[in-house]
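A note on names: the letters A, B, ... follow the listed sequences, proteins ahead of strands, and every chain is numbered from 1. Just so it is clear, the structure is predicted and the values come from calculations on it, not from any experiment.
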Amino acid sequence: MEILLFGITREIVGGSTLTVEPEQPLETVGQLKNWLADRYPAIKKLSSLAIAVDSEYADDAHPLAPGQEVALIPPVSGG
Amino acid sequence: MEILLFGITREIVGGSTLTVEPEQPLETVGQLKNWLADRYPAIKKLSSLAIAVDSEYADDAHPLAPGQEVALIPPVSGG
Amino acid sequence: MVIKIVTDVDLNEAYQYLQAPGAGGIDLFVGTVRDHAKGKKVVKLVFEAYAPMALKEMQKIAEAAQQQWPLEKLVMLHAVGEKLVGEPVVIIGVASAHRDAAFSACRFLIDELKKTVPIWKKEFYEDNSVWVNAHP
Amino acid sequence: MVIKIVTDVDLNEAYQYLQAPGAGGIDLFVGTVRDHAKGKKVVKLVFEAYAPMALKEMQKIAEAAQQQWPLEKLVMLHAVGEKLVGEPVVIIGVASAHRDAAFSACRFLIDELKKTVPIWKKEFYEDNSVWVNAHP
């Protein structure tokens, strides 16, 4: 699974996409968040972290499936 | 005394200035208002009528004196 | 602070006056001629001002706003003469460090302008015309 | 309804989209780059957007505003890329028959935009830079 990165998460990971290759399949948004937090401690220090699936905010229970567009949404600051 | 007229008061009187020549001197704004109301019944039908003396709103007790700029201010509707 | 009574109000001119490095939020209100009023079709408006007094009253309102909110810049432009449907007749603009002050001050300025500034609007419908607010 | 993410936001373009014969009040909010933030001198800002999602979220906010207020026209323009002090970064505009709705909707739109739309701002000071809101 490849995920899109923006803002500070792009800088934390060091690239605008991240290829996620877990040992066990990540079935939900919540599992993806945990996987990321384990590998990138800096992510845990953010004020918040949301995940978008197919460009909609997705809660922790949201299922992940092949072919989705998944993106990390660190705290927004537009305007 | 000459007074400036605007908007509907200009149309009621039929001119942009009115020369006020009272039998007895008008000493206050209130007296001027009464004088006008007597002569122009249409003025009494307005929602309100204010008088400006030297381009400031003046209350009924405000004294009138030669050399002042006096204007009738019918209900405003700018904006 | 820029306060003017003019033949034509211009949005770009207003925006120009609102430039300030300390400003983060600019709120601009533009009053335009609407094609209807009180259920009737409006053809045009004509505005008349007692200009020296109107400018003084606008100045007072502007100073009141500046006392109440921390404003970087403030502009009030009002048109006189004939205005057709869609044309702008008044522009109020405020620049402040934060948007809260900009919105609140802009709203205050247009509300107060409508209450006290000696400017009069005649509405022309298809069959007659009326000085707005003149009668109860 | 016009919603865009662009390199440069333009006030005249926004005003153009707000023309409507039934509109009597137009409120425009322009967010600009302020020369200071949290007591530090700001040199520039850089904006980044997840554009397809940002447009969707802006659309949702716009629809929510249209349900809440009777709006004639609505425009939301947000810039991306590098912006210097004084430059506009976001323009929100609303046209309505009456000013109450225009002010309220404009305020709602900018407030909601700041809460949910996936756009990120990096503030560059003289000595360092920070992604705004990233950390508690």
For K114(C) and V76(B): C-alpha separation, side-chain torsions, deciding distance, then whether side-chain contact (heavy atoms from CB on, under 4.5 Å) applies. CA-CA 7 Å; K114(C) 284 172 179 269; V76(B) 302; over 6 Å; no
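- A 6.0 Å sphere centred on CD of Q67(C) holds no more than 12 heavy atoms belonging to other residues, nucleotides or ligands.
- Heavy-atom minimum distance, Y50(C) versus A52(B): CE2-CB, 4.2 Å.
- Contact annotation for A54(C): neither backbone nor side-chain heavy atoms come within less than 4.5 Å of a heavy atom of chain B.
- No donor-acceptor pair closer than 3.5 Å links the side chain of K122(C) to the backbone N or O of G7(B).
- Of the inter-residue distances, the one linking W131(C) atom CH2 with T9(B) atom OG1 reads 9.0 Å to the nearest 0.5 angstrom.
- With respect to chain B, the highest number of heavy-atom pairs below 4.5 Å among T116(C), L113(C), V89(C) belongs to T116(C).
- When heavy atoms are compared at a cutoff of 4.5 Å, L49(B) does not approach chain C at all.
- Counting only heavy atoms from C-beta outward, the side chains of M53(C) and I73(B) approach each other to under 4.5 Å.
- In this structure, the side chain of H78(C) does not engage the main chain of G78(B) through any donor-acceptor pair within 3.5 Å.
- If you measure heavy-atom distances from K115(C) to chain B, the contacts under 4.5 Å come from the backbone alone.
- Annotation: the span from S77(B) atom OG to I119(C) atom CD1 amounts to 9.0 Å, rounded to 0.5 Å.
- Counting non-hydrogen atoms of neighbouring residues, nucleotides and ligands closer than 6.0 angstrom, the NZ atom of K40(C) exceeds 12 such neighbours.
- Distance alone, capped at 3.5 Å, is enough to place a donor-acceptor pair between the S47(B) side chain and the A134(C) backbone.
- Separation of atoms NZ (K56(C)) and OH (Y57(B)) is listed at 12.5 Å; rounding is to 0.5 Å.
- By the 6.0 Å contact criterion, NZ on K45(B) is open, its count of non-hydrogen atoms from other residues, nucleotides or ligands being 12 or less.
- Distance check, rounded to the nearest 0.5 Å: CD of E11(B) to CH2 of W120(C) gives 12.5 Å.
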